[in-house]
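Computation of the quantities below employed the complete heavy-atom set of this structure, encompassing side-chain atoms and omitting hydrogens, waters and symmetry-equivalent molecules. All values derive from a computational prediction rather than experimental measurement.
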There are 2 protein chains.
Amino acid sequence: MNAQILPWDDLRIVLAIVRQESLAGAGRELGISHATVFRRLGALEARLGVWLFERQRTGYVPTLAGDDLATTAARVATDIDAVERRLVGQDARLSGTLRVTTTDTLLMGLLSDVFAGFQHEYPHIVLEVEVSNREYNLSHRDADIAIRPTKLPPETLVGRQVGQIAQAVYVHRHHLETSAWVGPDSHLGYPALERWMAHEGVEAKCRYRVDSMLGMLAGVRSGMGRGVLPCYLADREDSLMKVGESLAPLETPLWLLTHPDLRRTARVMAFFSYLSEVLSTRQACLKGEVSASKPTSPCDERQSSEHDGDGAES
Amino acid sequence: MNAQILPWDDLRIVLAIVRQESLAGAGRELGISHATVFRRLGALEARLGVWLFERQRTGYVPTLAGDDLATTAARVATDIDAVERRLVGQDARLSGTLRVTTTDTLLMGLLSDVFAGFQHEYPHIVLEVEVSNREYNLSHRDADIAIRPTKLPPETLVGRQVGQIAQAVYVHRHHLETSAWVGPDSHLGYPALERWMAHEGVEAKCRYRVDSMLGMLAGVRSGMGRGVLPCYLADREDSLMKVGESLAPLETPLWLLTHPDLRRTARVMAFFSYLSEVLSTRQACLKGEVSASKPTSPCDERQSSEHDGDGAES
DNA sequence: AGTGAGCTTTGCATGAATGCACAGATCCTG
DNA sequence: CAGGATCTGTGCATTCATGCAAAGCTCACT
């Protein structure tokens, strides 16, 4: 283009460096080589004749000029993310990329074959699955759809509840008598489980702490003690036995969520329909009412409710 | 970058097509090949799965989606132009590009050798001169500095008055008796001259009309009649003779103007200083008080005044 | 009706941008 | 103190975006 001093894409480079505080981190965020970030920043600073970052031992620290540029870039990013969502929301094709975020346990215990089925049904849609337990608002289109257990879906998102996740205490079949427990560490970030274990008075018997639910499964499978696990995950394991009934206090709704601007995107709608249909046949599995290895009984009446972000049915 | 659906630079492409209504026009505005514009738009529409333009015989017409995107792009352009100006305003180097806009007559009759002198003084600064009589606000950095005759500099710009441009009636030496006139046509857009000619009662004697002041000069030089010309332009022509004194009603201040964000840019400051100094030695030339071919007398006391956009001396 | 100007679209060659691999430096952990 | 992880910076090969040139179409003017 015109001997352009400030290519608009360079603003994304600067913003990413400010956010990540390093060239390497910015490269990861943008999906480009850190070498490219290095060169693009250097070329930009040369054209502007202004330093945007101080190079310190601890990383790249923005100057006042760098902050000024990053502030504009952040505002621009918000505007462009919004128009991109509106445009993608008009995409009527059943092709292209669909980014889905979910938890590691849901993926391993429930969704992997559902996704495979979706892929088979819609071969021209590319599913990109990001396993993450991080906060999500879907505004930056880092994901298009979130599948999450939550009692309070974010007000900014819309979607459907597609089931209730039951949890129960499980123990290894060869260690039925153990009184030891596997529990969550502080990193897991599961206050409801912590409260339940305190209420049951089993905190003191906790001999093994983990920072993920997959770690919890692995611990119980290894006979390290008994532990609370989602039924859809644990019932698949022949080596584990459920102790007692599902724990009502820990039952959590499972939500399928997207950004309001994307709800009319053809591939988002297709995904929602497919997942709702398939998951309606998995209600027993989610509720822990039947072994996952056994054929599921016919599904109940429609189970899902919808969430419009404002509480009103749409 | 990340398999990016909407590269930020693509917004500039879309905005330019909306503004110019053609790929060729957009390419010219952006300084890139129309083929590139064609490919970039096509690739963007393919990624979005949405038509941004209808291809009509009369050109590219934006769809609602295209308008939506262009609206965001215009807002983004405003933000990025502003931050670019602030950053360029901090550039302390006496190098890089400096874009200057001025009129054809000023360039031909006064400024060409002044610019050459500046270039010699500051060899690392690249002057890009755009000859234009168009409206200018310098917000988009299509020019950094404007040199213009005007009684009312735009409120949004800052600068200095560097002289008074005198105008007078000139006639070819071999046609001193002619009563015919060369005058402005409606395209020239010079209402003050039209009013003056009407007031003098010479409209009816107008036998040749032109749409530029260079055309006016050419006409008088060809003996087509007498005409009003800037003294700095006409006094250089040995073949022309001034008839009477300068015309006070048509005297116009000459301004050197820039955008407030750029006033501290080193090369802008250098340009202002250089031009002010050189033009102060050309006051007689501007006022039509001495032949341009004769050595100029020592300049008067400081003549220029400054304009801060808000009327206050800074 | 013919011609010229301007626009859109496409194939091919070129050069610039990018990624890869590597070297060197720094910091943190065992 | 040593080793591993991470980051910055650079040289080289590769990839891809771009410009150029050309073909074809449309419109306006003579």
Undergrad: Nearest-Å distance, CD1 (B:I13) to C1' (D:dT18)?
TA: 11 Å
Undergrad: In this structure, how many angstroms lie between the P atom of C:dA17 and the CG atom of A:D10, rounded?
TA: 11 Å
Undergrad: C:dG19, D:dG19, C:dT9: which one has an atom nearest the side-chain heavy atoms of A:R39?
TA: C:dG19
Undergrad: Report yes if a side-chain nitrogen or oxygen of A:R40 is closer than 4.0 Å to either non-bridging phosphate oxygen (OP1 or OP2) of C:dT18; otherwise report no.
TA: yes
Undergrad: Could you check whether any side-chain N or O of B:T63 sits under 3.5 Å from a backbone N or O of B:L52, counting only pairs where one atom can act as donor and the other as acceptor?
TA: yes
Undergrad: For A:E21 and D:dT6, give me the distance from atom CD to atom P, rounded to whole Å.
TA: 17 Å
Undergrad: A:A24 near the nucleic acid: base, sugar-phosphate alone, or nothing, with a heavy-atom cut-off under 4.0 Å?
TA: sugar-phosphate
Undergrad: Can you find a side chain N or O atom of B:S33 that sits less than 4.0 Å from OP1 or OP2 on D:dT18?
TA: no
Undergrad: To the nearest Å, how far apart are A:I32 CD1 and C:dG19 C1'?
TA: 11 Å
Undergrad: Carefully, step by step, assess B:T101 and B:R148 under the rule side-chain hydrogen bond (donor to acceptor under 3.5 Å, both in side chains).
TA: CA-CA 8 Å; B:T101 182; B:R148 300 282 184 194; 2.9 Å; yes
Undergrad: Indicate the ring-plane relationship of A:F118 and A:F271, choosing parallel, tilted or perpendicular according to the 30° and 60° boundaries.
TA: perpendicular
Undergrad: Check whether any side-chain N or O of A:R267 sits under 3.5 Å from a backbone N or O of A:L98 as a donor-acceptor pair, and report yes or no.
TA: no
Undergrad: Measure from CD1 on A:I17 to C1' on D:dT8 and round the result to the nearest Å.
TA: 12 Å
Undergrad: Between atom CG in B:L23 and atom P in D:dG19, what is the gap in whole Å?
TA: 14 Å
Undergrad: Could you tell me how far apart B:D9 (CG) and C:dA16 (P) are, to the nearest whole angstrom?
TA: 18 Å
Undergrad: Does D:dC7 have OP1 or OP2 under 4.0 Å away from a side-chain N or O of A:R28?
TA: yes
Undergrad: Looking at B:D91 and A:R47, is any side-chain nitrogen of the basic one under 4.0 Å from a carboxylate oxygen of the acidic one?
TA: no
Undergrad: For the pair made of CZ in B:F53 and P in C:dC7, what is the distance, rounded to whole Å?
TA: 16 Å
Undergrad: Side chain of A:R55, base of D:dG9: donor and acceptor closer than 3.5 Å?
TA: no
Undergrad: Side chain of B:A35 only, heavy atoms from C-beta on: which candidate in C:dT9, D:dC7, C:dT10 is closest?
TA: C:dT10
